[in-house]
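Presented below is the structure to which this report refers.
Chain identifiers are assigned alphabetically (A, B, ...) following the order of the sequence lines, protein sequences preceding nucleic acid strands; residue numbering begins at 1 within each chain.
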There are 2 protein chains.
Amino acid sequence: MKATTREQKILGIVQGTRAKRARFRDEQITMAHGAGGKASQSLIEGLLLPALQNDSLAALADAGTVSLERTALALTTDSFVVKPIRFPGGSIGELAVNGTINDLAVCGARPLALTLSLVLEEGLRAADLRAEIEAIAVAAEAAGVQVVAGDTKVVERGHADQMYACTTGLGLIDPRARLAPSALAPGDRIILSGPIGEHGMAVMLAREDFALEAQISSDTHSLWPAVDALLQAAGPDLHCMRDATRGGVASALNELARASKVAALIREADVPITPAVAGAGELLGIDPMYVANEGKLLAFVAPDAARGVLRALRTVPGCEQAAEIGEIAAEPPGMVLLQTAFGGRRVMDLLAGDPLPRIC
Amino acid sequence: MKATTREQKILGIVQGTRAKRARFRDEQITMAHGAGGKASQSLIEGLLLPALQNDSLAALADAGTVSLERTALALTTDSFVVKPIRFPGGSIGELAVNGTINDLAVCGARPLALTLSLVLEEGLRAADLRAEIEAIAVAAEAAGVQVVAGDTKVVERGHADQMYACTTGLGLIDPRARLAPSALAPGDRIILSGPIGEHGMAVMLAREDFALEAQISSDTHSLWPAVDALLQAAGPDLHCMRDATRGGVASALNELARASKVAALIREADVPITPAVAGAGELLGIDPMYVANEGKLLAFVAPDAARGVLRALRTVPGCEQAAEIGEIAAEPPGMVLLQTAFGGRRVMDLLAGDPLPRIC
């Protein structure tokens with residue numbers, strides 16, 4: 001019988017709370033409902049899922065699945081409302097292509113086609129629109145995927161911020177992929193494809209709210225080459241993947257721990273981060289673990305495959321600093337625990353509020 | 001040698017202009033770029049198509065196509081920014097489901113799956129959101145299709161009007177379908193599935209801008225049952241279909257005439273319209289031919305099949321008043337001519353401006 005430490009008791013209580021399905025009880029929508037934390041969870045689990053229930057949606061993966069005779073397809077959609085629309089390292093158009101491709105990729109799906117739907121604000125400068133359409137074309141070309149359908153709407157001045165973009169991706173699930181949250185097993189290694197927090201920090205610093213200057217660029221790029229390398233190196237030993245976008249690595253880990261009813265144990269010292277992002281996080285009081293990435297994935301692999309996976313991943317451009325950052329454990333189910341650089345251990349929970357609105 | 005009448009000369013000039021591809025020369029986006037008329041055309045043909053060029057997009061059909069081994073898929077996307085979000089006969093949620101299903105249907109594609117992406121305004125009442133999610137669930141259930149993936153974003157108060165919704169639809173192209181603008185041939189009959197202008201007029205009258213009261217409800221509903229009946233009745237004699245949404249019957253006919261390089265000759269007296277819509281159009285000075293429908297299609301069929309198609313279509317709920325409204329001719333290519341109820345004949349061109357912004 002285990003000694004009941006103070007930490008375990010706290011975990012026990014939190015865990016009890018977590019076992020319940022989130023309820024949506026708010027009277028109105030707040031910015032927090034868009035932040036990827038607890039309020040978002042209550043909106044999704046408390047309102048959207050019960051109303052639209054079906055197995056594909058309930059899986060809460062990055063893409064839904066559609067079976068067609070012997071072919072398994074993945075379908076994913078994302079609206080982009082990033083502000084400002086251009087920032088160091090990227091722009092809304094590039095983000096709209098890569099973000100959707102990456103949701104397909106981490107479901108093991110090779111992107112087949114994209115659709116693009118734009119909501120434009122009256123008064124948007126044609127040069128700005130042209131630049132974004134070019135960015136979309138270049139990103140799609142780089143990822144080897146075509147925009148096969150589109151739509152444009154215009155709303156009056158003030159009813160959108162320059163432009164919002166919605167992309168939807170159709171992908172073909174790779175026959176090598178055997179991915180599912182339920183495939184996670186205690187002992188699985190957690191691999192992160194590179195340094196965290198660059199996208200969210202780059203967007204924050206591009207706003208004029210902060211008088212902070214730092215050389216941080218968004219990491220927006222397609223993750224399909226990384227996924228392709230992982231599938232090739234690990235095959236069925238690759239158990240699951242997530243891209244760590246809105247809400248950062250912490251939120252992605254929490255969502256997966258919750259879905260798969262296992263725990264994730266993370267070693268803070270092993271998480272790759274640039275000095276610029278770490279410094280900006282400290283100055284702004286924002287934990288980079290919760291800051292969005294737009295070109296980083298988490299891979300969960302069988303222990304024996306970890307070394308080969310890391311070697312393969314590090315040959316992919318943008319993944320040179322891939323690292324093993326922790327492992328899966330059976331207890332406490334649904335939780336993420338962080339072993340801090342100072343030797344302590346704490347729960348890394350979903351955030352309730354929203355430190356970084358509108359970063360994607 | 002034909003006598004050159006005044007009308008023919010005018011047509012000749014307009015036709016010359018039409019042969020050129022539309023250029024996008026504006027310095028900024030205006031409401032007209034979202035209206036489905038000439039400005040929209042310049043945005044699409046002058047900017048979007050050249051940048052994102054591929055055969056599927058260039059076809060400018062209501063859905064793009066993706067071939068997968070022996071399976072032909074259709075993919076379509078649409079953003080909905082209708083204002084107000086609820087109106088007699090429907091709401092934004094219902095519209096978002098039916099609008100996208102209908103774009104698939106008129107491409108001969110049976111809807112397989114939908115995705116839903118929401119941009120919510122901070123402060124949106126939870127009850128309003130709940131009502132729209134319910135409307136989406138009910139419309140999807142009625143159409144026999146599931147929402148397999150979703151996304152929500154929140155923007156600050158004032159940066160959206162309550163909510164915008166983007167739906168994307170994946171469909172399986174029916175093996176009976178042999179549809180293409182290029183299949184249109186002189187003599188083909190033009191069938192309209194029911195009375196025009198109800199959706200746009202219902203939304204306009206729901207705004208407080210007009211002190212006009214009339215019993216007009218949106219016609220929003222799924223067109224797949226109508227398409228299924230048409231495919232069954234006509235098979236390969238069904239040459240093409242369009243749904244007459246933004247820009248109405250007039251714009252849909254113009255787009256198709258332009259794409260297929262034939263003329264459409266329409267008999268105004270044969271176009272079904274309710275007295276309420278006709279009266280509202282007269283009072284507001286808006287031609288119902290240009291007013292959006294959300295549950296009406298145009299079908300183009302070989303002459304011998306027209307009678308059987310009409311009979312089959314009229315058995316489908318919502319299509320009881322289907323009518324033959326004109327035919328396809330070889331000359332003048334790319335044009336739509338209207339034989340008016342008074343015996344005259346005039347060009348029914350695309351509109352340059354936007355009498356009805358934000359109706360879908």
Side-chain angles (χ1 to χ4, degrees), chain A residues 26-31 33-34 40 43 47-48 51-52 54 56-57 63-66 68-69 71 75-79 81 112-113 115-117 119-126 129-130 133-134 136-137 146-156 158-161 164 166 168 170 172 358, chain B residues 26-31 33-34 40 43 47-48 51-52 54 56-57 63-66 68 71 75-79 81 112-113 115-117 119-126 129-130 133-134 136-137 140 146-156 158-161 164 166 168 170 172 358:
Chain A
D26 304 288
E27 300 233 321
Q28 58 177 35
I29 293 298
T30 64
M31 292 305 290
H33 288 111
S40 297
L43 174 61
L47 176 55
L48 297 170
L52 305 174
N54 62 71
S56 175
L57 199 62
T65 52
V66 181
L68 202 66
E69 293 174 17
T71 310
L75 205 56
T76 188
T77 191
D78 231 331
S79 279
V81 298
L112 286 176
T115 65
L116 169 69
S117 187
V119 174
L120 307 177
E121 184 186 11
E122 182 188 19
L124 172 66
R125 293 195 322 138
L129 176 59
R130 198 179 294 276
I133 299 300
E134 285 302 327
I136 288 166
Q146 291 186 332
V147 176
V148 301
D151 179 50
T152 52
K153 292 288 186 322
V154 181
V155 295
E156 300 86 350
H159 292 281
D161 272 330
Y164 302 148
C166 177
T168 302
L170 174 68
L172 181 65
R358 311 248 330 246
Chain B
D26 304 287
E27 300 234 320
Q28 58 177 33
I29 294 296
T30 63
M31 293 304 290
H33 288 112
S40 297
L43 174 61
L47 175 56
L48 297 169
L52 305 173
N54 62 70
S56 176
L57 200 62
T65 53
V66 182
L68 202 65
T71 309
L75 205 56
T76 188
T77 191
D78 230 329
S79 280
V81 297
L112 285 176
T115 66
L116 170 68
S117 189
V119 175
L120 307 177
E121 183 187 12
E122 182 187 18
L124 172 67
R125 292 194 323 137
L129 176 59
R130 200 179 292 275
I133 300 300
E134 286 301 327
I136 288 166
Q146 290 185 333
V147 176
V148 300
D151 178 51
T152 53
K153 292 290 186 319
V154 180
V155 295
E156 299 88 348
H159 291 282
D161 272 330
Y164 302 148
C166 177
T168 302
L170 174 68
L172 181 66
R358 310 240 342 239

Task: Under 4.5 Å from a heavy atom of chain A, the part of B:Val147 involved - done: both

Open item on the list: If we define contacts as heavy-atom pairs under 4.5 Å, which of B:Thr168, B:Leu172, B:Asp26 has the most with chain A?
Closed with: B:Thr168

Task: Validation row: B:Val155, A:Asp161 side chains within 4.5 angstrom (heavy atoms) - done: no

Task: Residue among B:Leu75, B:Val66, B:Thr71, B:Ile136 with most heavy-atom pairs under 4.5 Å to chain A - done: B:Leu75

- [ ] Among B:Leu120, B:Asp78, B:Thr30, single out the residue with the greatest number of heavy-atom pairs under 4.5 Å to chain A.
- [x] B:Asp78

Open item on the list: Nearest 0.5 Å, please: how far is CG in A:Leu52 from CD1 in B:Ile133?
Closed with: 6.0 Å

- [ ] Output the distance between atom CG (A:Leu124) and atom CD (B:Glu27), rounded to the nearest 0.5 Å.
- [x] 12.5 Å

- [ ] With a 4.5 angstrom heavy-atom cut-off, could you sort out which part of B:Ala140 is near chain A: side chain, backbone, both or neither?
- [x] neither

TODO: Say whether, by atom type as modelled, one donor and one acceptor occur between the side chain of B:Lys153 and the main chain of A:Ser79 under 3.5 angstrom.
DONE: yes

Task: For chain A, the option from B:Glu122, B:His159, B:Arg125 that forms the most heavy-atom pairs under 4.5 Å - done: B:His159

Task: When A:Ala63, A:Ala113, A:Ala160 are compared by non-hydrogen pairs under 4.5 Å with chain B, the top option - done: A:Ala160

Task: Side-chain heavy atoms of B:Thr76 within contact of A:Thr115, under 4.5 Å - done: no

Open item on the list: Using a 4.5 angstrom heavy-atom cutoff, name the option from B:Leu116, B:Leu129, B:Thr152 with the most pairs to chain A.
Closed with: B:Thr152

Open item on the list: With heavy-atom distances below 4.5 Å as the criterion, would you say the side chains of A:Leu68 and B:Leu112 are in contact?
Closed with: yes

Task: Best-contacting candidate, B:Gly158, B:Ala137, B:Gly123, against chain A by heavy atom pairs under 4.5 angstrom - done: B:Gly123

- [ ] Please flag which part of B:Leu43 lies under 4.5 Å from any non-hydrogen atom of chain A: side chain, backbone, both or neither.
- [x] side chain

Task: For the student: nearest non-hydrogen atoms of A:Val154 and B:Gly34, plus distance - done: CG2-N, 3.3 Å

Open item on the list: Under a 3.5 Å distance rule, please check whether A:Asp151 uses its side chain to pair with a backbone N or O of B:Thr77 as donor and acceptor.
Closed with: no

Task: pair B:Glu121-A:Ile29: side-chain heavy atoms closer than 4.5 Å - done: no

